[in-house]
Amino acid sequence: MGHDAIAAPLATAREVTHIEKARKRTLGNVRLRHQDTNEIILIPTPSSDPNDPLNWSQSYKWYLATVICLAMMVCNFLAAGPSIAMVHITMDFFTGAHPGRNPRVFIEAVAKVSYFFTTHSMLQGVGNFIWIPIANKYGRRPTYVISYAIYFASAIWLSFERSYGGFLAGRIIMGFSAGAAETVAPITIADIFFLHERGTVMALYSSFLAVGIALGLIISGLITIHHHWRVIFQVGAGLVGFVLLIAFFGFPETAYTREIQQQSDDEATPSEKGTNTTSDIERSPSRAHPGKRTTPYLQTLKIFRSKPLTTENLFKLFLRPLGLIFLPPVLWAALVEAATIGFLVAMTSNVEIAFEQAYHFKSWQIGLCFISAIIGSLLGIPVGGKFGDVVADYFTKRNGGVRDPEMRLPAMIPAMITSPLALVLFGVAIQSKMHWIVPTISIALLNFAIVQGTNVALVYVIDAYRPVAGEITLAVMGFKSLFGFLLSFYTNTWVSQSGYQNAYGVMAAISAAVLLGWIPLYFWGKRIRHASWSWPVVSYIHWSDDREVGE
C-alpha cells in the first residue's frame with residue numbers, strides 16, 4: 001500500500017452532523033478509499049499546523065516508532081530475563097535450599113522466589129490503571145518520563161538489595177513502573193500514524209514485546225556464565241537509564257487536540273436522507289493554523305502541558321477500562337493476548353526447570369534457545385503487520401472503499417494454527433525428552449503467533465474504538481497480565497500434577513478455542529459492536545467529544 005495515491009482532503013458537504021450520532025452509527029466504520037478514484041483517504045485528516053504529529057516527516061515518525069519499540073523491549077528485559085537464574089536466586093535468598101542436596105526445601109523456596117516474577121507481571125498490568133488515565137489526561141510525555149525514572153531507580157535498588165522482603169517490594173515497584181511503555185505505545189502510534197499505516201507499526205510494537213522477553217533471557221543466561229546474577233539488574237539499569245535519557249531529550253509530546261467541525265442540525269447527511277451507503281464519516285480538514293511555526297526544541301522538553309488534553313474527570317478515566325472489557329470485541333482481544341502471551345509467561349516461568357530436567361541444560365544454554373523466539377517474532381512482523389493491512393485493504397476495495405474494522409480479522413489464520421501447535425509441541429517434547437530442537441522450535445512458533453495474532457486483534461479493537469485507544473489497550477493488556485500472573489503462579493504445580501503433555505495440551509485447546517473467535521466476529525462483529533454500545537453496563541464509558549480524533 002506504500003504506492004497508493006493519496007486523495008485530496010474531503011469537502012465539508014458530506015460531513016456528519018453530530019459526532020456522537022455518527023459514532024454510535026459506525027464505531028470505527030470509515031471511508032478509507034475515495035469512492036470514485038480509489039485513492040487512500042488520510043484518516044485522521046491532518047491539520048495545517050506544523051506541530052500536528054500527523055504532519056511530521058516519515059523519518060521522524062519512524063524514529064519515534066523506534067524509540068517506542070526500544071522502550072517496549074527494555075520494559076520486558078527485566079520482567080522475565082532474571083528468571084533464567086531461578087536456581088541461583090533461590091539458593092542466594094534461602095540458605096540450605098539446593099536442588100540436589102535438599103530438594104524438598106528447594107521446591108518450597110522456588111515457590112517463594114517465583115513471587116519476584118509473578119508480582120512483577122501482575123503489577124505491570126495493574127499499574128497501567130494509573131498510568132493510562134494520566135497519559136490520556138495530561139499527555140504521553142510525562143507518563144513516559146516519570147514511569148521510566150521510577151523504573152531506573154528500582155533497577156539500581158534491586159542491584160544491591162539483599163533481603164527477601166526488600167527485593168520483593170522492589171520488584172513490585174519495578175513492575176508498576178515498567179508497564180507504562182507497554183500500554184502507552186499503541187496510543188502514541190495512533191497519534192502519529194494514519195489509519196492505513198498502523199498495522200505495520202503495531203506489528204513492530206508487538207514483536208518487540210516478545211523480543212524483549214527473549215533478549216532478557218538470552219543476555220541474562222550469558223551473564224550468569226561468569227558473573228553473579230545481580231549483574232543482570234545492573235545491565236538492565238543501564239538500558240533503562242539510556243531509554244530514560246532518550247525519552248527526556250528526544251521524545252516530544254505526541255498528543256494533539258484535533259478540532260472537528262460540525263454542521264447544524266438541519267443539514268442532513270446523505271445517510272440520513274436514505275442514501276444507500278454503509279458509512280459517511282468523511283471529515284474535513286481541521287481548523288487552519290495560518291502562519292503558525294514549529295515549536296522550539298527547548299519548549300518541547302516541558303514535561304507537563306499548559307492544560308489537560310480532555311475535560312473528562314480522572315475518576316471516569318479510571319473506570320472506563322473496566323466497562324470496556326464488557327464489549328465483546330475487547331473481551332475477545334484480551335482473551336487472545338491471554339491465550340498467547342499468557343501461555344508464553346507460563347512457559348518462561350517453567351522453562352529452566354523443564355530444560356534442566358529433560359536435557360540437563362545450564363542457564364546460559366537455555367537462554368540461547370530463546371534465539372528462536374527472536375526469529376519467530378521477526379517473522380511475525382510482516383505477517384501480522386503488512387499482511388494484515390493487505391487483507392483489510394482487499395476487503396475495503398471490495399466494499400466500495402469503506403473500511404470495517406472486522407476486515408482485518410481473516411489475517412488471524414496463521415496464529416490460529418501456530419499457537420496451539422507450539423504449545424502441543426512443547427508439552428510432548430519435554431514429556432518425551434525429544435531432541436532439544438523440538439521445544440526450541442515450539443518457542444519460535446509461539447512467539448510468531450504472539451506477534452502476528454495479538455497485533456491483528458489489538459489493531460482491530462483500536463480501529464473500532466480509536467478515541468479511547470489507551471483505555472482499550474489497558475483493558476486488553478491488564479486482563480492479559482492478570483491471566484499471566486495466575487498462570488505463572490500455578491504452572492509449576494499444574495505441570496507437576498498433570499505432566500507436561502497434558503498441561504500444555506489443555507493450554508493448546510484453550511488457545512485454539514479463543515483464536516477461532518475471529519470467525520463469528522468477522523460475520524457479526526459490526527452488529528455486535530452496535531448492539532453492545534447501548535448496553536447499560538457500557539453506557540457510562542461513552543467518551544466526550546473532546547476525545548474525538550477525526551476518524
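Residues take their numbers from the sequence shown, with the count starting at 1.
- Annotation: the span from E406 atom CD to D463 atom CG amounts to 9.5 Å, rounded to 0.5 Å.
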For F251 and Y144: C-alpha separation, side-chain torsions, deciding distance, then whether ring pair (Phe, Tyr, Trp, His ring centres under 6.0 Å) applies. CA-CA 9 Å; F251 199 92; Y144 278 123; 5.1 Å; yes

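- Looking at Y465 and L327, their side chains come closer than 4.5 Å, going by heavy atoms from C-beta outward.
- Under the 3.5 Å distance criterion, with hydrogens and angles disregarded, no donor-acceptor pair is assigned to the side chains of N455 and Y205.
- Across V495 and A503, no two heavy atoms sit closer than the pair CG2-CB, 4.1 Å.
- Contact record, A65 with V201: CB-CG1, 4.1 Å, taken as the closest heavy-atom pair.
- Smallest separation of non-hydrogen atoms from P142 and E253: CD-OE1, 3.6 Å.
- For I134, the side chain to side chain contact (heavy atoms under 4.5 Å, CB included) partners are I130, W131, Y138, T143, not counting sequence neighbours.
- In this structure, CE on M347 lies 5.5 Å from OH on Y504, to the nearest 0.5 angstrom.
- The structure places OG of S207 at 3.5 Å from CD1 of I381, a figure rounded to the nearest 0.5 Å.
- In terms of modelled atom types and a separation under 3.5 Å, the side chain of R141 and the main chain of A247 share a donor-acceptor contact.
- When all heavy atoms of L409 and V456 are compared, the closest pair comes out as CA-CG1, 4.4 Å.
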Please report the C-alpha distance between N76 and Q124 in whole Å, then the side-chain angles of each, then the deciding distance to 0.1 Å, and finally whether the side chain to side chain donor-acceptor pair (under 3.5 Å) criterion is met. CA-CA 10 Å; N76 280 330; Q124 197 164 335; 3.0 Å; yes

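- For the pair S419/L446, a side-chain contact is recorded, criterion being any heavy-atom separation below 4.5 Å from C-beta on.
- Considering CD1 of I192 and CZ of F194, their distance stands at 11.0 Å, rounded to 0.5 Å.
- Side chain of W524 to backbone of I519: no donor-acceptor contact under 3.5 angstrom is found.
- The CG atom of N128 lies 5.5 Å from the CD1 atom of I132; values are rounded to the nearest 0.5 Å.
- Put simply, the side chain of D52 gets close to the backbone of S47: a donor and an acceptor are under 3.5 Å apart.
- Under the 3.5 Å distance criterion, the side-chain polar atoms of S532 are matched with a main-chain donor or acceptor of I528.
- For the residue pair A203 and G384, the shortest heavy atom distance occurs at CB-C, 4.0 Å.
- With a 4.5 Å cut-off on side-chain heavy atoms, L309 and N136 do not count as touching.
- At most 12 heavy atoms of other shown residues, nucleotides or ligands fall within 6.0 angstrom of atom OH in Y394.
- Pairing each heavy atom of A464 with each of P405, the nearest pair is CA-CG, 3.8 Å.
- Remark: the backbone N or O of L314 is not paired with any side-chain donor or acceptor of K137 at under 3.5 angstrom.
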Applying side-chain contact (heavy atoms from CB on, under 4.5 Å) to L379 and I375, what does each step give before you reach the verdict? CA-CA 6 Å; L379 291 175; I375 296 172; 4.2 Å; yes

For F387 and R408, what are the C-alpha separation, side-chain angles and deciding distance, and is it a side-chain contact (heavy atoms from CB on, under 4.5 Å)? CA-CA 9 Å; F387 176 66; R408 189 178 298 273; over 6 Å; no

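- Put simply, the side chain of I443 reaches to within 4.5 Å of the side chain of S372, judged on heavy atoms.
- The closest side-chain heavy-atom distance from I413 to I417 is below 4.5 Å.
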Report the C-alpha distance between K61 and Q58 in whole Å, list the side-chain angles of each, state the deciding distance to 0.1 Å, and finish with yes or no for side-chain contact (heavy atoms from CB on, under 4.5 Å). CA-CA 5 Å; K61 290 181 180 182; Q58 284 297 105; 3.4 Å; yes

Show, in sequence, the C-alpha distance, side-chain angles and deciding distance for V402 and T396, and conclude whether the side-chain contact (heavy atoms from CB on, under 4.5 Å) test is met. CA-CA 6 Å; V402 176; T396 300; 6.0 Å; no

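- The closest side-chain heavy-atom distance from H530 to R527 is not below 4.5 Å.
- Contact of the Y256 side chain with the D191 side chain is not registered, since no non-hydrogen atoms from C-beta on lie closer than 4.5 Å.
- Side-chain atoms of Q501 do not come within 3.5 Å of backbone N or O of G427 as any donor-acceptor pair.
- Residues F193 and W56 keep their aromatic ring centres 6.0 Å or farther apart.
- Note: Y63 and Y60 have parallel aromatic rings, judged against thresholds of 30 and 60 degrees for the angle between ring planes.
- With hydrogens and angles disregarded, no donor-acceptor distance shorter than 3.5 Å links the side chain of N399 to the backbone of G401.
- A donor-acceptor pair under 3.5 Å links the side-chain atoms of N502 to the main chain of S498, judged by distance alone.
- Between W494 and Y500, every side-chain heavy-atom pair lies at or beyond the 4.5 Å cut-off.
- Taking CG of L425 as the start and CG of L445 as the end, the distance is 6.5 Å to the nearest 0.5 Å.
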